[in-house]
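Read the structure below first, then the notes.
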There are 2 protein chains.
Amino acid sequence: MLKLSKMTDYAAVVMARIAREPDSAHAAIDLAESVQLPHPTVSKTLKALVRAGLLESRRGALGGYRLARPASQITASDIISAIEGPVAVTECSHADGDCELVNTCGVADNWQRVSYAISELLGSVTLAHLASSAPLRMPVQLPIQAISLYGDDEPPPMATAADSTGKR
Amino acid sequence: MLKLSKMTDYAAVVMARIAREPDSAHAAIDLAESVQLPHPTVSKTLKALVRAGLLESRRGALGGYRLARPASQITASDIISAIEGPVAVTECSHADGDCELVNTCGVADNWQRVSYAISELLGSVTLAHLASSAPLRMPVQLPIQAISLYGDDEPPPMATAADSTGKR
DNA sequence: TGATACAGGACTAAAATGGTCCCCAATTAA
DNA sequence: TTAATTGGGGACCATTTTAGTCCTGTATCA
Ligand code: FES
Ligand code: FES
């Protein structure tokens, strides 16, 4: 399902909550209640967000959490990364040469591009967008032309069999 | 990491293998070898792909798997869906009203749009693209302008240093 | 000083994932 | 007809991930 974990989901929800009232500090327990989730869980999520630098925290009475920077400068990608690590669609997309199939699959390159495109897409959605109650307006153009792919009318490139003769 | 499961990864690799030689049937065991993966696992993956209608199979001697339709008509989204179910970023993106937080989070709507955008993106990448040894060419424009995201009063994502607005 | 509220991490239970195996059904060749 | 080949469908298990709880410590402020 290509879906993000619940924790990430929570993170988004909580961040949005905070973003809607950015000028006051929010205690974990208050957030938990307003979001209808167990306190410990929310707390855990908040800690992760602090560690990722998306939130600032303050202890003690009057303490709580607040955004580390304006909601318009926090992206969906940031939030996701904070909880589940960098956005990458496949293992090999890591580009860290971990995958041992690199030689046999030949899909890595293109997957990586797709991954990048998604990453860009997520990077173009800000917390301000997410938090806004109004649905995101359209249309818009994403900074994706820089990515890859090609026109839809163009015939498929296909490496063809000629390519399979020599295994790289 | 927003990543797909290994099985999906395998699926893509195997599909690409088949796509490169679309005119002959490929036995599971041969594919397994050429891809350097355990036979049972590959076999399992193939079965799933058949069930999803992306491959056709034939039993008996001379049997094997082949594409159910041209590689240019099979999308990354198809492959992912075949293995992990429909592409959806969050639970609530399902739009099936399962999530109980709908009332408290208010993020659902916009997440859903993001989800849709990703889905479109993946739908625009075909197996032919993936299988091609040459990196996808650029530039291209994805059919994403139709999607959504922000309007005109909102500052373009991070591009500007104008932290300002934040929220209206 | 004492109440508040975050920090960090250990820990558990439950679920998803990856992977194997076995037996059956279909197809073809001898 | 029979034998060999090849996929179909599941059951099954081991391992890892995930979600969630809890406890102990530390900073802040009235
Ligand atoms: S599966 Fe890792 S490089 Fe292709
Ligand atoms: S978390 Fe499900 S609707 Fe927002």
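Proteins come first, then strands; the chains are lettered A, B, ... in the order of their sequence lines, and each starts at number 1. Reckoned from all heavy atoms, side chains included, excluding hydrogens, waters and symmetry mates.
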* Asked: Does B/Asp30 reach the side chain of B/His26, with side-chain heavy atoms less than 4.5 Å apart?
  -> no
* Rounding to a whole Å, what distance do you find between A/His26:NE2 and C/dA5:C1'? -> 15 Å
* **Nearest-angstrom distance from the residue atom CG of A/Leu55 to C1' of C/dA5** => 15 Å
* Between D/dG20 and A/Tyr10, is there an OP1 or OP2 to side-chain N/O distance shorter than 4.0 Å? -> yes
* According to a strict under-4.0 Å criterion, is B/Ser57 in side-chain N/O contact with OP1 or OP2 of D/dG8? -> yes
* Structure fact -> Of the listed D/dT21, C/dA7, C/dG19, the closest approach to the A/Pro38 side chain comes from D/dT21
* Heavy-atom distance under 4.5 Å between the side chains of B/His39 and B/Leu31, does that happen here? -> no
* Find out whether A/Tyr10 and A/Val35 are in side-chain contact, i.e. whether some heavy atom of one side chain is under 4.5 Å from a heavy atom of the other. => no
* **Protein proximity profile, nucleotides 11-17 of chain D - base contact B, sugar-phosphate-only contact S, no contact -, cut-off 4.0 Å on heavy atoms** => -------
* Hey, are the side chains of B/Val42 and B/Leu46 touching, using non-hydrogen atoms and a 4.5 Å cut-off? -> yes
* Structure fact -> B/Ile80 CD1 to C/dT17 P, in whole Å, measures 14 Å
* How close or far is atom P of C/dT17 from atom CD of B/Glu84, stated in whole angstroms? -> 7 Å
* Let me know the distance between NZ of B/Lys3 and P of D/dT18, rounded to the nearest Å. => 7 Å
* Structure fact -> When rounded to the nearest 0.5 Å, the distance separating CG of A/Leu67 from CG of A/Asp23 is 9.5 Å
* **Non-hydrogen side-chain atoms of B/Arg69 and B/Leu54 separated by less than 4.5 Å** => yes
* Asked: Is any side-chain nitrogen or oxygen of B/Ser5 closer than 4.0 Å to OP1 or OP2 of C/dG18?
  -> yes
* Asked: Any side-chain heavy atom of B/Lys44 sitting closer than 4.5 Å to one from B/Met7?
  -> yes
* To do: Spell out protein contact along nucleotides 21-30 of chain C as letters: B when the base is contacted, S when just the sugar-phosphate is, - when no protein heavy atom is under 4.0 Å; keep the 5' to 3' order.
  => ----BBBSS-
* Between atom CG of B/Asn110 and atom OG of B/Ser115, what is the distance when rounded to the nearest 0.5 Å? -> 12.0 Å
* Asked: To the nearest Å, how far apart are A/Leu46 CG and C/dG8 P?
  -> 13 Å
* To do: Could you tell me the separation between the CG atom of A/Leu49 and the P atom of C/dC6, rounded to a whole number of Å?
  => 13 Å
* Asked: Which whole-number value in Å describes the distance from A/His39 NE2 to D/dC23 C1'?
  -> 13 Å
* Distance-only side-chain donor-acceptor flag, B/Asp78 / B/Ser81, under 3.5 Å -> no
